[in-house]
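Structure first, commentary second.
Every chain is numbered from 1, with letters handed out A, B, ... down the list of sequences.
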Amino acid sequence: LVLDKVRLQDEEEFVDILEDKRHCNDLRFAFRTFSPPPYKGAPACSSAELNQAVLESQYLRYVIKEVALETESSVEEVRDKVCKIMWEMSQNLQLRFIRLMAFTFRKVFKRLFSAIYVNMEGLQALQQATQEFPVILMPNHRSYIDFLVVSYILFNYDIPVPVIAAGIPLAGMKIVGEILRRSGAFFIRRAIGSDKLYWAVLSEYVRTIVRTGFAPLEFFVEGLRSRTLKSLPPKLGMMNMILEPFFKGEVYDITLLPISISYDRVLEESLLAHELLGVPKPRESTAGLLKASKVLQENYGCMHVNFGRPLSVRQLCEGKINRCQYNLIPRDLPQKPNAEAQACGSWLAHMIVRLQEEGALTSPWSLMACILLQVPTTVLTEEGLLFHQLTEQTLWLRQLALDFRAHLSWPDSDVMSSTVALHRSVVYRKAGRVYLTRNDELERKHSIVPEDDMMRTAAAFLMLASYRNQCLHVFVRPALLALAMSIRKSTRKDELLTCFCFLQEVFSNEFVFIPGKSSQDFDEACSLLHECKAVHVSQWEVTDSDTGLEVLSFLQELLKPFIESYQLMFRFLCEERDCVFREKDFLSGVRTLATKLIVSGELHTYEALSSDMQKNVLSSLRSLENVKMCENASFCLINFYKTDTNVRYSNYFNKELRIFFNQHYQFSVIL
Amino acid sequence: MKWNGWGYSDSRFLFNKKGQAEFTGKRYRLSGMIIPGLKDWMEGTFGANLQHKTQPVLNTSAVQPPMLNEAFVEELKSTGIPFSHEADDRVFRAHGHCLHEIFALRDGKIGRVPDMVVWPNCHNDVVKIVELACKHNVCLIPYGGGTSVSSALECPPEETRSIVSLDTSQMNRILWIDEKNLTAHVESGIVGQDLERLLNESGYCTGHEPDSMEFSSLGGWVATRASGMKKNIYGNIEDLVVHIKMVTPRGVIEKSCQGPRMSTGPDIHHFILGSEGLLTAIIKILYLRDHEKYSESLIDMQKLYHGLSSIFTSFLDGLKKFYITKFKGFDPNRLCVATLLFEGAREKVLQHEKQVYDIAAKFGGLAAGEDNGQRGYMLTFVIAYLRDLGMDYYVIGESFETSVPWDRVLDICRNVKARIIRECKDKGVQFPPLSTCRVTQTYDAGACVYFYFAFNYRGLSDPVHVYEQVEHAAREEILANGGSLSHHHGGTTS
């Protein structure tokens with residue numbers, strides 16, 4: 001498996017880039033000589049030359065003519081449109097602004113973080129790689145900080161600073177938008193849909209950057225900032241654009257570089273939790289940014305930036321792509337990637353996400369969050385959890401995480417106390433016990449009603465859940481197997497595998513798995529559980545061992561919030577009389593039901609309130625073909641098939657769904 | 001002629017007692033000259049050390065005794081066609097010039113060789129031989145100049161029948177010249193340089209000049225769909241041939257007239273051209289041109305490629321070298337040289353020249369003069385000798401070519417060169433290989449690109465195998481980048 005080869009060999013040495021520079025002058029730092037080694041593939045070119053090349057490309061000329069014909073407008077008019085799009089989109093990378101950015105960031109970073117750890121080996125490999133082939137930097141996206149931190153680090157170590165794909169809202173910010181643009185950001189509209197001209201300009205722009213090796217290209221393969229701190233299923237459009245110059249032989253190779261950014265504490269933690277609870281996200285604006293400056297008063301612990309090993313697209317695609325197919329059509333003409341190329345792009349994108357997960361450093365706090373979420377709510381809100389109990393269990397979980405090959409950031413033995421202190425926005429410690437923090441300012445503005453109290457708790461729990469999500473990838477495969485074992489009550493490997501695949505499918509929007517690799521995932525789960533002596537694995541069977549109960553039940557509990565939330569939403573759909581919903585109504589309906597059940601004590605997880613989870617259920621049901629979505633004017637209709645008579649009854653997954661709910665949970669669902 | 005290397009026995013590169021590179025013999029403009037840059041280039045490019053020299057082993061006694069078909073031999077005797085089963089005659093005709101063939105010979109390894117050589121003198125002799133071969137179940141391998149690079153002369157080792165090499169070297173006459181239609185009737189065994197010399201005596205030429213024209217034969221050109229350096233003026237072999245007469249086991253094939261074009265179904269010539277010696281001896285009629293020459297050449301420099309150009313600069317005379325490198329600021333390792341030959345009527349040549357120089361000036365190039373151009377042109381004939389010199393010093397290499405649409409030329413050059421370097425590294429070649437290329441022929445819709453690939457094989461147990469793997473990978477890269485398997489060398493074993 002390619003994946004095994006590119007995994008981190010050993011624990012790598014991390015260096016704190018703030019440490020040695022903390023005492024040196026910020027200004028002198030910003031004006032340091034910056035001399036990255038040049039790219040060997042092609043001569044350097046300016047941003048203006050890049051834009052010129054895009055505008056004059058044969059490809060755009062062709063598309064402009066086509067669009068002019070379709071819209072019955074003149075070529076000049078369409079060309080003007082293209083120029084406007086380019087004006088809105090293009091970056092204007094300038095070293096002066098990189099220096100300005102470096103200066104500001106240094107000031108900010110020194111205040112926010114106690115350390116920014118970077119792996120030097122990864123940086124060295126990257127510096128080498130930037131000279132050879134076009135490099136694509138692919139960080140995960142958890143915070144606005146991600147956005148320029150990579151540029152900051154690269155500037156620090158004489159590596160060419162990247163151009164960065166960013167969302168268009170950032171461009172709308174006064175001054176800041178322009179600074180970002182000059183620091184290398186280029187801006188992409190959110191809902192492009194079927195705007196042919198926009199797609200054409202964007203894809204030609206991206207391809208030209210890759211072809212000319214203008215600068216490393218940085219983009220977030222997850223598409224957006226993860227509100228839940230969990231990996232998101234990758235978006236493929238950008239990936240396909242980037243791969244095309246290689247498929248067409250315009251470059252010899254492309255280097256993909258996964259980057260894992262892990263935070264001890266995320267700046268936007270409370271903002272994210274409220275967003276998930278339905279409080280709309282404030283629009284990105286410069287004023288908002290200034291207002292948020294109180295966020296800068298606090299300490300956010302450490303940040304780890306782990307640069308993965310450079311991956312050669314050429315090597316990865318060997319045998320997967322027949323490049324001869326591109327020989328028969330002029331390369332300048334638009335050509336949709338065929339099934340083979342798309343599958344390859346999807347596989348690569350998923351693999352990058354997996355590598356990002358593997359490169360991430362698991363913090364003690366993330367493990368604590370796993371433990372805290374398994375404690376009954378009232379203990380946290382009223383009696384308090386004994387601190388030493390928490391530390392003991394966390395240490396137990398630490399060992400399990402290590403068994404599951406997690407990379408931990410575990411500086412010293414005192415880390416538990418300092419971690420709890422760092423996260424006083426979520427929990428606080430009093431008289432040897434740990435309690436949930438529930439005095440959020442945002443909520444105080446509203447009048448106090450019983451539900452509000454619940455919402456305050458919910459916000460804290462969703463924050464906890466997000467931190468748990470940071471390490472979920474470590475446990476998810478064994479946990480799904482543990483779950484399959486408890487659902488199926490079987491020891492037969494083939495039955496467990498079917499159930500495992502089914503669960504992967506149901507939770508395909510929650511956890512990222514490489515498509516078509518379910519049986520490898522299953523084998524991995526088996527061997528991990530076997531290694532920590534939780535199960536015995538033979539050729540045909542997986543049986544639980546006497547010593548493994550603790551591990552298995554922990555893993556089952558870990559996924560319980562997901563199961564319960566999904567179950568709640570299925571129940572809502574079944575109990576509704578109507579077969580047709582608007583998505584908006586579904587979301588508010590589920591929220592009302594969940595609130596009711598939580599207050600009455602019937603539902604134990606607050607995660608059912610998360611809009612992210614709710615949307616994932618719909619997508620999951622849609623891909624399982626239980627729900628149909630029609631785009632109709634401004635709203636979506638959702639059908640939930642309820643009766644046996646439906647032709648889809650024979651559908652394998654429906655049967656599995658029935659088994660899933662009938663056996664494991666004590667109420668029945670008619671599908 | 002050498003039996004285990006390229007060309008004439010008296011012409012070869014060697015390092016003389018002073019350690020300077022020298023080209024021996026008297027045949028070429030380069031002969032007897034000292035080539036000052038070559039030693040440094042060999043050492044610098046390949047890490048070749050003049051101390052490390054492989055010794056070609058000469059051992060013709062290792063040849064297996066011939067396996068003769070007595071009945072065939074008896075009947076052949078009665079026809080009076082000369083034949084031989086001497087070991088050296090047979091070994092000489094058992095190979096072309098693929099790397100693995102030459103490498104094995106230098107190593108003293110001689111595999112399956114023809115059991116017998118026959119020398120037909122005319123078309124009818126060929127007809128008789130083919131008839132007898134069919135009758136007695138004997139294999140025939142036609143042999144012209146022996147310059148094949150597609151393993152077409154290799155005897156299959158598993159072949160149990162008697163193998164007879166049909167050497168066309170005695171069929172080397174121009175039978176007639178038709179001055180009204182500008183065609184000539186030529187026998188297939190004639191070697192390129194003889195054909196051109198004889199035609200020149202009558203004031204004509206064919207203009208077909210492949211790099212191998214000193215040794216390769218007309219029959220071979222047809223069998224491989226050859227292309228020459230002057231093809232932009234005169235055309236490729238398929239444009240030159242008007243009529244072909246081919247002897248096959250099932251009879252003689254030829255068209256019934258000499259009209260320049262026919263539209264009665266697929267052109268039978270296209271089954272014959274490029275058939276790779278599967279078919280037998282061919283006699284043909286060629287289209288001729290008036291022989292009026294006026295040549296001058298141009299050197300166009302763009303700071304794009306390097307490689308062989310450094311050898312080129314070593315040929316430049318002192319002042320010129322100074323002018324180019326110091327005054328004009330060209331880096332001898334990064335300059336790009338184009339050798340162009342202008343040929344034809346004076347006005348036309350002058351007109352072409354002006355057009356080309358204008359283009360060159362637009363891109364910062366300059367003309368380097370006729371002398372340098374002629375040396376450059378001559379170099380293409382001598383390059384094949386360089387491989388033998390390399391093999392003396394643990395360097396093996398070969399060239400291969402492709403044809404590719406214009407927009408892909410630069411991409412294919414970069415990708416294939418990079419692939420070669422990468423593959424060599426992966427396969428354990430300890431020294432950086434030579435991986436370079438040049439455009440040799442141009443068409444409206446594309447160009448032919450020649451790749452040169454060589455490496456120092458010290459430390460490798462099976463260098464030929466490594467070579468073949470790398471070449472295979474390079475060809476795969478060519479195909480993936482929209483190039484053809486071959487432009488004119490012919491189909492290969494890979």
Side-chain angles (χ1 to χ4, degrees), chain A residues 5 38-44 53 56-59 61-62 128-129 131-134 204 207-208 210-213 243-255 310-333 335 338 340-341 344, chain B residues 302-307 331 333-336 363-364 402-427 432-433 435-437 444-447 449 451 453 469-470 472-487 494:
Chain A
K5 267 194 280 178
Y39 175 59
K40 288 179 198 154
E56 284 170 9
S57 67
Q58 202 68 41
Y59 174 79
R61 263 190 260 173
Y62 183 89
Q128 197 62 40
Q131 301 168 47
E132 305 286 333
F133 306 116
E204 185 61 24
R207 284 192 302 248
T208 310
V210 175
R211 259 198 302 258
T212 55
L243 293 176
E244 210 181 287
F246 168 71
F247 290 158
K248 288 186 171 175
E250 291 164 330
V251 292
Y252 178 75
D253 198 354
I254 294 174
T255 305
L311 303 173
S312 151
V313 168
R314 174 175 276 267
Q315 263 172 28
L316 292 171
C317 292
E318 210 176 297
K320 288 199 158 60
I321 281 284
N322 173 17
R323 287 186 286 150
C324 293
Q325 63 187 307
Y326 295 95
N327 293 343
L328 301 179
I329 298 176
R331 295 184 295 178
D332 296 325
L333 295 194
Q335 200 181 351
N338 65 5
E340 192 188 33
C344 192
Chain B
Q302 291 174 10
K303 293 172 183 175
L304 268 177
Y305 306 110
H306 64 289
D331 173 357
N333 288 315
R334 288 188 66 81
L335 55 78
C336 170
F363 294 97
T402 181
S403 64
V404 64
W406 276 119
D407 73 313
R408 293 172 188 265
V409 169
L410 285 178
D411 287 332
I412 210 173
C413 291
R414 179 195 55 237
N415 290 353
V416 173
K417 286 194 287 187
R419 177 80 181 259
I420 287 172
I421 291 168
R422 172 77 53 103
E423 292 284 336
C424 279
K425 209 171 154 194
D426 291 352
K427 301 281 182 301
S435 171
T436 183
C437 62
D444 287 351
V449 183
F451 290 96
F453 156 46
Q469 282 180 314
V470 177
H472 181 80
R475 285 196 193 278
E476 198 182 81
E477 192 62 34
I478 287 174
L479 294 179
N481 283 275
S484 65
L485 202 51
S486 172
H487 171 261
S494 53

Side chain to side chain, A/K248 and B/N481, heavy atoms closer than 4.5 Å: no
Less than 4.0 Å between a side-chain N and a carboxylate O, is that true for A/E250 and B/R414? no
Are any non-hydrogen side-chain atoms of A/N327 and B/R408 less than 4.5 angstrom apart? yes
side-chain contact (heavy atoms from CB on, under 4.5 Å) between A/R331 and B/D411: does it pass, once the steps are laid out? CA-CA 12 Å; A/R331 295 184 295 178; B/D411 287 332; 3.0 Å; yes
Residues at least two apart in sequence or cross-chain that pass ring-ring contact (aromatic ring centres under 6.0 Å, His included) with A/Y39, listed by chain then number, are none
d(A/F246 CZ, B/N415 CG) to nearest 0.5 Å is 8.5 Å
Before you tell me yes or no, could you show the steps for B/E476 and A/R323 under side-chain contact (heavy atoms from CB on, under 4.5 Å), namely the whole-Å CA-CA distance, both residues' side-chain angles and the distance that decides it to 0.1 Å? CA-CA 10 Å; B/E476 198 182 81; A/R323 287 186 286 150; over 6 Å; no
Answer with side chain, backbone, both or neither: which region of A/N322 has an atom nearer than 4.5 Å to a non-hydrogen atom of chain B? neither
If I measure from the heavy atoms of chain A, does B/R422 come under 4.5 Å with its side chain, its backbone, both, or neither? side chain
Tell me, please, which residues at least two apart from A/E132 pass salt bridge (charged side-chain N to carboxylate O under 4.0 Å, His left out). A/K40
